[in-house]
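Only one structure is covered here, and it is reproduced in the block below.
By convention in this document, chain letters (A, B, ...) are assigned in the order of the sequence lines, proteins followed by strands, and residues within each chain are numbered from 1.
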2 protein chains.
Amino acid sequence: MEKDPLNNPALCSAIAERFKALSDSSRIRILALLRDADELNVSSIVTGTDINQASVSKHLSLLKQVGIVHVRREGNQAFYSIRDQKILDICGLVCEGITERMKEDNSALGL
Amino acid sequence: MEKDPLNNPALCSAIAERFKALSDSSRIRILALLRDADELNVSSIVTGTDINQASVSKHLSLLKQVGIVHVRREGNQAFYSIRDQKILDICGLVCEGITERMKEDNSALGL
DNA sequence: TTTCCATATTCCTATAGTAGAATATAGATA
DNA sequence: TATCTATATTCTACTATAGGAATATGGAAA
């Protein structure tokens, strides 16, 4: 294993690629929905997010490809679940960062 | 504060936006460089990453805009530093996720 | 002021990403 | 087999983004 992964350009690309998978608000919303349920089929996600079926399918396919979610097929349905639970921690940290920044910006304005 | 940030579509967009800022390998490399130094001027980053000066400037500007880095101007130089230290934890978690996934994929192949 | 240096910005081009409609696939049921 | 349902894929138009060359800005030095 690399001691300092961020000094490895190839790993930097892999990291960037994973962030890219998280860089779309539709996908974040899908993950939020999946977090609150063990697994969901595509139709539930479509109704739960109000995102076009084709889009949901494509987003799920991308999330699966990068290893963030997992599919279980049963009959003609596909049940998706979060495979990499770290994703939730990561989103949590990002939330903290965002809210902290908002606080700092506010206090900089004297609020 | 929102109890469940991921149920808030606006926050989902903010989260996605922040991930987008991290979704480029040039920016990850710049952050890697900044992590190992307290602060760096633009020229040092250009030589340290071997990325075009205009690109470095644009990437830094984006990272600043979303609150990930901070600038201190002195004379005609601009010294950049990481403002949101959580970013480093986040990158670390992503690294773990990537390597874990590689392990899983390998063992799935019987390696 | 003229010149030099560091950084930022503009302009252009190429590429990639998204949404949505339409269509394809494939399992389930009649 | 014909049909229905769930999901995936294709196609198209649109928008966003990155890289690089050229240029602009603005502080420092001559």
Side-chain angles (χ1 to χ4, degrees), chain A residues 9-10 12-34 37 39-81 83, chain B residues 9-10 12-34 37 39-81 83:
Chain A
C12 285
S13 295
I15 293 168
E17 186 191 318
R18 175 150 282 220
F19 281 129
K20 193 167 291 175
L22 297 169
S23 72
D24 179 274
S25 67
S26 296
R27 288 195 286 275
I28 298 290
R29 285 165 60 207
I30 290 172
L31 290 173
L33 214 60
L34 283 173
E39 60 174 19
L40 290 174
N41 64 5
V42 178
S43 306
S44 307
I45 298 174
V46 170
T47 55
T49 57
D50 205 36
I51 297 169
N52 178 289
Q53 181 268 320
S55 291
V56 168
S57 223
K58 280 180 284 190
H59 285 307
L60 285 169
S61 154
L62 189 154
L63 290 170
K64 183 170 70 96
Q65 200 185 340
V66 302
I68 292 177
V69 302
H70 172 260
V71 208
R72 177 178 70 81
R73 298 194 189 270
E74 185 180 328
N76 56 357
Q77 289 181 283
F79 292 89
Y80 284 86
S81 54
R83 174 180 176 187
Chain B
C12 284
S13 294
I15 294 168
E17 184 192 317
R18 177 152 280 221
F19 280 129
K20 191 167 291 173
L22 297 169
S23 71
D24 179 275
S25 67
S26 294
R27 288 195 285 274
I28 297 290
R29 284 165 60 207
I30 290 172
L31 290 173
L33 214 60
L34 282 174
E39 59 174 20
L40 290 174
N41 64 5
V42 178
S43 306
S44 307
I45 297 174
V46 170
T47 53
T49 57
D50 205 36
I51 297 169
N52 177 290
Q53 182 268 321
S55 292
V56 169
S57 222
K58 281 180 283 190
H59 285 307
L60 286 169
S61 155
L62 190 154
L63 289 171
K64 183 169 70 96
Q65 200 185 339
V66 302
I68 292 177
V69 301
H70 172 260
V71 208
R72 178 178 69 82
R73 296 192 191 272
E74 184 179 328
N76 55 358
Q77 288 181 283
F79 292 90
Y80 284 86
S81 54
R83 172 179 176 187

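As rounded to whole Å, 18 Å separates atom P of D:dC4 from atom CD of A:Gln77. If you measure from atom CD of A:Gln53 to atom C1' of D:dA6, you get 8 Å, rounded to the nearest angstrom. As rounded to whole Å, 14 Å separates atom C1' of C:dG17 from atom CD of A:Glu17. We find that CG of A:Asp24 is positioned 16 Å from P of D:dT15, with the value rounded to whole Å. For B:Arg73 and D:dT25, the CZ to P distance is 15 Å, given to the nearest whole Å. B:Leu62 has its CG atom 12 Å from the C1' atom of D:dA16, to the nearest Å. At whole-Å resolution of the value, CG in A:Leu63 and P in C:dG17 are 14 Å apart. If you measure from atom CZ of B:Phe19 to atom P of C:dT18, you get 15 Å, rounded to the nearest angstrom.
Base contact: B:Ser57 has a heavy atom under 4.0 Å from a base atom. Looking at heavy-atom distances under 4.0 Å, B:Ala78 makes contact with sugar-phosphate atoms alone, never a base. Counting any heavy atom pair closer than 4.0 Å across all strands shown, B:Phe79 reaches no nucleic acid atom. Residue B:Ser61 is out of contact with every strand shown, counting any heavy-atom pair closer than 4.0 Å. Using a 4.0 Å heavy-atom distance criterion, A:Lys20 is classed as a sugar-phosphate-only contact.
At the phosphate of C:dT18, neither OP1 nor OP2 sits under 4.0 Å from any side-chain N or O atom of A:Ser26. An OP1 or OP2 oxygen of D:dA18 is reached within less than 4.0 angstrom by a side-chain nitrogen or oxygen of B:Arg27. Side-chain N/O atoms of B:His59 include one lying less than 4.0 angstrom from OP1 or OP2 on D:dG19. OP1 and OP2 of D:dT5 both lie 4.0 Å or more from every side-chain N or O belonging to A:Ser43. The shortest distance between the side-chain N/O atoms of A:Asn52 and the OP1/OP2 oxygens of C:dA21 is below 4.0 Å.
Closest to the side chain of B:Asn76, out of C:dA28, C:dC5, D:dG20, is C:dC5. For A:Tyr80, counting side-chain heavy atoms from C-beta on, the closest listed nucleotide (C:dA21, C:dT7, D:dA8) is D:dA8.
Heavy-atom distances to DNA chain C give each of A:Ser23 and A:Ala54 a nearest nucleotide, and the one nearer the 5′ end belongs to A:Ser23.
A 4.5 Å side-chain heavy-atom check between B:Arg83 and B:Leu63 finds every atom pair outside the cut-off. Proximity of B:Leu60 to B:Val71: side-chain heavy atoms (C-beta onward) are nowhere separated by under 4.5 Å. In this structure, B:Ile45 and B:Leu34 have side chains that are in contact, with non-hydrogen atoms separated by less than 4.5 Å. The shortest side-chain heavy-atom distance between B:Ile28 and A:Phe19 falls under the 4.5 Å cut-off.
With hydrogens and angles disregarded, a donor-acceptor distance shorter than 3.5 Å links the side chain of A:Ser23 to the backbone of A:Lys20.
A donor-acceptor contact under 3.5 angstrom links the side-chain atoms of A:Lys58 to the base of C:dG20.
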